[in-house]
Amino acid sequence: MDLGGRIFELIDMRSFSNLWYWIVLAAMWSSLSHFVLGVPYDMVGRARKHAGQEMDDLNALVHIKARRMLMVYDRAGTWIVAGLSFTLSMLLFLGFWFGLEFAQAVFLLMAPAMIVTFLRMQFAGRIIDNTIQGTALCDAITRNRFYTQLIGMISVFVTSLWGMYQNLSIGVLG
């Protein structure tokens with residue numbers, strides 16, 4: 001057997017039967033729901049509980065992150081959207097038209113994450129345009145986190161169903 005065959009045998013390109021894929025899926029959604037605009041969610045709880053300096057820190061950090069996100073989008077947004085659209089389209093066709101399981105797995109990771117990123121861009125714009133601060137900011141972050149978790153739950157459910165279907169259709173013995 002050649003080196004390439006040994007590497008693919010070691011890696012196991014069948015994504016949905018690979019434990020590492022499910023660990024990456026769980027870690028991705030855990031991270032996306034814990035960090036809203038790059039701000040850890042535990043800061044919101046501390047800001048609500050202690051107010052004062054904690055609330056000032058939260059306001060400053062969220063506004064810095066929101067302005068930075070919008071600045072990146074203003075400078076390179078068109079190229080980022082074009083590149084991601086091309087990548088998602090390529091993964092969609094390779095995965096579901098040509099049946100490449102690895103492309104299906106990556107698409108099922110990336111597509112919902114892009115929806116969350118779009119929601120966060122809108123959220124960042126609302127924060128800057130309306131200068132949301134204080135408890136209203138805490139409520140807005142909590143709402144955004146809820147929608148992220150809802151998208152995550154739907155994504156994990158759909159990915160699990162598709163992965164089980166793939167594993168059953170391929171068969172236990174390959």
Side-chain angles (χ1 to χ4, degrees), residues 1-45 62 65-66 68-70 72-73 76-126 139-174:
M1 186 183 296
D2 64 334
L3 180 63
R6 287 187 189 270
I7 290 173
F8 279 117
E9 183 180 318
L10 179 67
I11 294 174
D12 186 19
M13 294 302 281
R14 286 193 43 231
S15 303
F16 295 112
S17 64
N18 195 332
L19 178 63
W20 289 107
Y21 176 76
W22 299 104
I23 291 172
V24 166
L25 180 72
M28 181 187 81
W29 284 110
S30 175
S31 177
L32 281 174
S33 65
H34 181 69
F35 293 99
V36 178
L37 290 180
V39 177
Y41 188 72
D42 60 294
M43 282 186 73
V44 175
V62 168
K65 296 278 189 170
R68 184 175 185 281
M69 183 180 276
L70 292 174
V72 168
Y73 182 73
T78 304
W79 292 105
I80 292 170
V81 169
L84 288 174
S85 298
F86 171 76
T87 303
L88 283 175
S89 298
M90 182 183 66
L91 289 170
L92 181 70
F93 282 110
L94 284 175
F96 296 99
W97 185 262
F98 293 110
L100 187 62
E101 186 176 333
F102 184 73
Q104 293 171 1
V106 175
F107 178 82
L108 289 171
L109 284 173
M110 281 185 66
M114 292 304 106
I115 293 170
V116 169
T117 302
F118 176 73
L119 289 176
R120 293 208 172 150
M121 290 300 299
Q122 288 184 326
F123 180 53
R126 275 197 320 269
D139 293 341
I141 291 172
T142 302
R143 239 184 340 275
N144 188 280
R145 183 174 190 238
F146 171 76
Y147 291 132
T148 299
Q149 289 175 333
L150 184 65
I151 292 167
M153 286 189 312
I154 294 168
S155 169
V156 169
F157 180 72
V158 169
T159 302
S160 299
L161 286 179
W162 186 256
M164 285 187 283
Y165 170 73
Q166 287 296 316
N167 289 335
L168 289 174
S169 67
I170 290 172
V172 178
L173 300 175

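Just so you know, these numbers come straight off a predicted model, no measurement behind them.
- Using a 4.5 Å heavy-atom cutoff, the side chains of Tyr147 and Val116 are not in contact.
- When the ring-ring contact (aromatic ring centres under 6.0 Å, His included) test is applied to Phe123, no partner is found at least two apart in sequence or on another chain.
- You'll find the side chain of Tyr21 stays beyond 4.5 Å of the side chain of Val24, heavy atoms only.
- Ser33 approaches Arg145 most closely through the heavy-atom pair O-NE, 2.7 Å.
- For Thr87, the side-chain contact (heavy atoms from CB on, under 4.5 Å) test picks out Leu91, Met110, with sequence neighbours left out.
- Taking the side-chain contact (heavy atoms from CB on, under 4.5 Å) definition, one finds that Met121 meets it with Met69, Leu70, Tyr73, sequence neighbours left out.
- Here the shortest heavy-atom pairing between Asn144 and Leu119 reads ND2-O, 4.0 Å.
- Looking at Met43 and Pro40, their side chains come closer than 4.5 Å, going by heavy atoms from C-beta outward.
- The structure places CE of Met114 at 4.5 Å from OG1 of Thr117, a figure rounded to the nearest 0.5 Å.
- With a 4.5 Å cut-off on side-chain heavy atoms, Arg120 and Leu32 count as touching.
- Separation of atoms CG (Leu100) and CZ (Phe93) is listed at 14.5 Å; rounding is to 0.5 Å.
- Between Val156 and Trp22, every side-chain heavy-atom pair lies at or beyond the 4.5 Å cut-off.
- With sequence neighbours left out, Met153 forms a side-chain contact (heavy atoms from CB on, under 4.5 Å) with Leu150.
- Residues Leu37 and Lys65 come closest through the heavy atom pair O-CB, 3.2 Å.
- Closest non-hydrogen pair, Ser155 versus Leu108, comes out as OG-O, 3.8 Å.
- The CG atom of Leu92 sits 12.0 Å away from atom OG of Ser85, with the distance rounded to the nearest 0.5 Å.
- Residues passing the ring-ring contact (aromatic ring centres under 6.0 Å, His included) test with Phe96, sequence neighbours excluded: Phe107, Trp162.
- If you take OG on Ser30 and CZ on Phe35, they are separated by 8.5 Å, rounding to the nearest 0.5 Å.
- Counting all heavy atoms, side chain and backbone alike, Gly95 lies closest to Gln104 at O-NE2, 2.7 Å.
- Interatomic distance, Met28 CE to Ile23 CD1, rounded to the nearest 0.5 Å: 14.5 Å.
- Residues meeting the side-chain hydrogen bond (donor to acceptor under 3.5 Å, both in side chains) test with Tyr41, sequence neighbours left out: Thr142.
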**OP:** Show the numbers, then the answer: is there a side chain to side chain contact (heavy atoms under 4.5 Å, CB included) between Val62 and Ile141?
**Re:** CA-CA 9 Å; Val62 168; Ile141 291 172; 3.7 Å; yes
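- How far CG of Leu88 is from CZ of Phe86: 11.0 Å, rounded to the nearest 0.5 Å.
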